[in-house]
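Bear in mind that the values here come from a model prediction, so they are computed numbers and not experimental data.
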Amino acid sequence: MTVVAGRYRLLDVLAEGATGTVWRALDETDRREVALKELRAPDGLPADEVPLLYARRERAARAAARISHPAVVPVLGVATEDGRPWMVTELVRGLTLAETLEAAGPLPPREAARVGAEVLAGLRAARAAGAPHRGPGPGQVLLANDGRIVMTGFGAAPEGDPGPEADLRAVGALLAGAASAPPSPGASKDGRAGALRVVIEDLLDEGPERGPTADRAERAERELRRLAAGGARPARPEPGTASAGARPSRRAEGAGGAGGSGRDDGDGFDGGDGGAGERTSVKPGGGRPGRRRAPRRSHVLLAGAVGALVIAGALTYHAVRGDERGAGPGPGGVTSTAPAGPGATSGAGGGPVRPRS
């Protein structure tokens, strides 16, 4: 087996790209496995420029060794073999984000937010150390077996740093491709998905009204960590919709006033004023929003029950009266009290009943 710089024994290839090959190697001095990146000059580069390229990449690798952050794969040193620099890093066991997405599809919003927070924090630390990244892709983000999220690809930054705004755009693009956040408001009932979508839009937006880049980065990282911890504030409702982040009650679903859609968006940052069972409606002509209550179903059911009892009582009364009429009604509808035989008495006076002349 090949030994580099008299110390690192190459074992097998881990990855290969345009700028070089990453090897799994054994550090025979410390008796531990490491990742060893072989830096190569691109094909077609003039021979007199190759040493300049190697010197530049060695400087970048040594600058990357100054980064100290949990989300950045530690650079342990730089070895030289035949005039070529080899970058030595910690060997992280796990899958890349690209491999994870290919195998399992988009990440849930909470996990995507955790990835985004760690990547953004690592990029900020690298920039502070003077070793900015060229822009991490899914293949340079590792989901380690021990639960860490770490980035590789440092030490190969091109000339002409595009600035910290590029870090924000890189994280936004990474999350846009990795997260299962909805493409538009109201596409999910998960408040974290909507809030994550807002963060992604802010990262990708280059408008000056967004404020200083440092403030945007700090705000985005703080929000991503909140979402990764499981937090999701209720959404800011559109006019005429129920307050987001909470499932509308039956009364709210039945009170589809002007401007109300009966849909729970469940996204956004801040909650509205509408409470459970109420919907804020917008009056035509831009009038002031008012509260509109749905009819109470309990009152309707109670009234129906009382009515049924009244009807049942009336029917029972007439049935009992019909049973007391004996042989049937006499003239004028009056019940007959004629005796069954001589000497019979009336039920009222107790005397004999005399025929009328």
| note | side-chain contact (heavy atoms from CB on, under 4.5 Å) test vs Arg7 passes for just one of Val34, Val88, Thr29, namely Thr29
Out of curiosity, does [Y] fall in the hydrophobic cluster containing [X] (side-chain heavy atoms, cut-off under 4.5 Å, transitive links)?
X      : Y      : result
Ile149 : Val199 : yes
Leu142 : Leu91  : no
Val92  : Trp86  : no
Leu95  : Val73  : no
Val22  : Tyr54  : no

| Check: Leu107 and Thr100 side chains under 4.5 Å, non-hydrogen atoms | yes
| request: Check whether any side-chain heavy atom of Leu143 lies under 4.5 Å from a side-chain heavy atom of Val115, and answer yes or no. | output: yes
Nearest 0.5 Å, please: how far is [atom2] in [Y] from [atom1] in [X]?
X      : Y      : atom1 : atom2 : result
Leu36  : Leu26  : CG    : CG    : 11.0 Å
Thr213 : Asp167 : OG1   : CG    : 9.5 Å
Leu97  : Glu111 : CG    : CD    : 9.5 Å
Leu11  : Arg24  : CG    : CZ    : 4.5 Å
Asp205 : Arg169 : CG    : CZ    : 11.0 Å
Lys37  : Arg57  : NZ    : CZ    : 7.5 Å

| request: Dump the intermediate steps for side chain to side chain contact (heavy atoms under 4.5 Å, CB included) on Arg225 and Glu118, then the final yes or no. | output: CA-CA 9 Å; Arg225 292 198 182 280; Glu118 294 299 327; 3.0 Å; yes
| If you draw a 6.0 Å radius around CD in Glu102, do more than 12 non-hydrogen atoms from other residues or ligands fall strictly inside? | no
| field | Intermediate values then yes/no, salt bridge (charged side-chain N to carboxylate O under 4.0 Å, His left out), Arg148 and Asp146 | value | CA-CA 6 Å; Arg148 291 182 298 158; Asp146 58 10; 3.0 Å; yes
| said: As a test of understanding, state which of Arg216, Arg124, Arg226 forms a salt bridge (Lys or Arg N to Asp or Glu O under 4.0 Å) with Glu221. | reply: Arg124
| task | Take Arg219 and Glu223 through the test salt bridge (charged side-chain N to carboxylate O under 4.0 Å, His left out) and record every step on the way to the result. | result | CA-CA 6 Å; Arg219 183 173 65 245; Glu223 180 64 11; over 6 Å; no
| Between the main-chain N or O of Val150 and the side-chain N or O of His69, is there a donor-acceptor pair closer than 3.5 Å? | no
| query | Are the side chain of Arg9 and the backbone of Ala25 linked by a donor-acceptor contact shorter than 3.5 Å? | reply | no
Do you know the tightest heavy-atom contact between [X] and [Y]?
X      : Y      : result
Pro138 : Leu174 : N-CD1, 3.7 Å
Ala179 : Leu196 : CB-CD2, 3.7 Å
Phe154 : Ala131 : CD2-O, 3.7 Å
Leu120 : Ala220 : CD2-CB, 4.0 Å
Ala112 : Leu175 : O-CD2, 3.2 Å
Leu227 : Arg192 : O-CD, 3.6 Å

| Worked verdict on Asp202 versus Leu204 for side chain to side chain contact (heavy atoms under 4.5 Å, CB included) | CA-CA 5 Å; Asp202 182 68; Leu204 294 174; over 6 Å; no
| query | Do Leu39 and Leu53 pass the side chain to side chain contact (heavy atoms under 4.5 Å, CB included) test, and can you show the C-alpha distance, the side-chain angles, and the key distance before you say yes or no? | reply | CA-CA 10 Å; Leu39 300 174; Leu53 173 66; over 6 Å; no
| Results of side chain to side chain contact (heavy atoms under 4.5 Å, CB included) for Ala65 - residues two or more places apart only | Val75
| For Thr21, all residues meeting side chain to side chain contact (heavy atoms under 4.5 Å, CB included), sequence neighbours excluded | Val13, Glu16, Trp23, Glu38, Arg40
| Candidate pair Leu76 and Asp27, rule side chain to side chain contact (heavy atoms under 4.5 Å, CB included), full reasoning | CA-CA 11 Å; Leu76 305 177; Asp27 182 347; over 6 Å; no
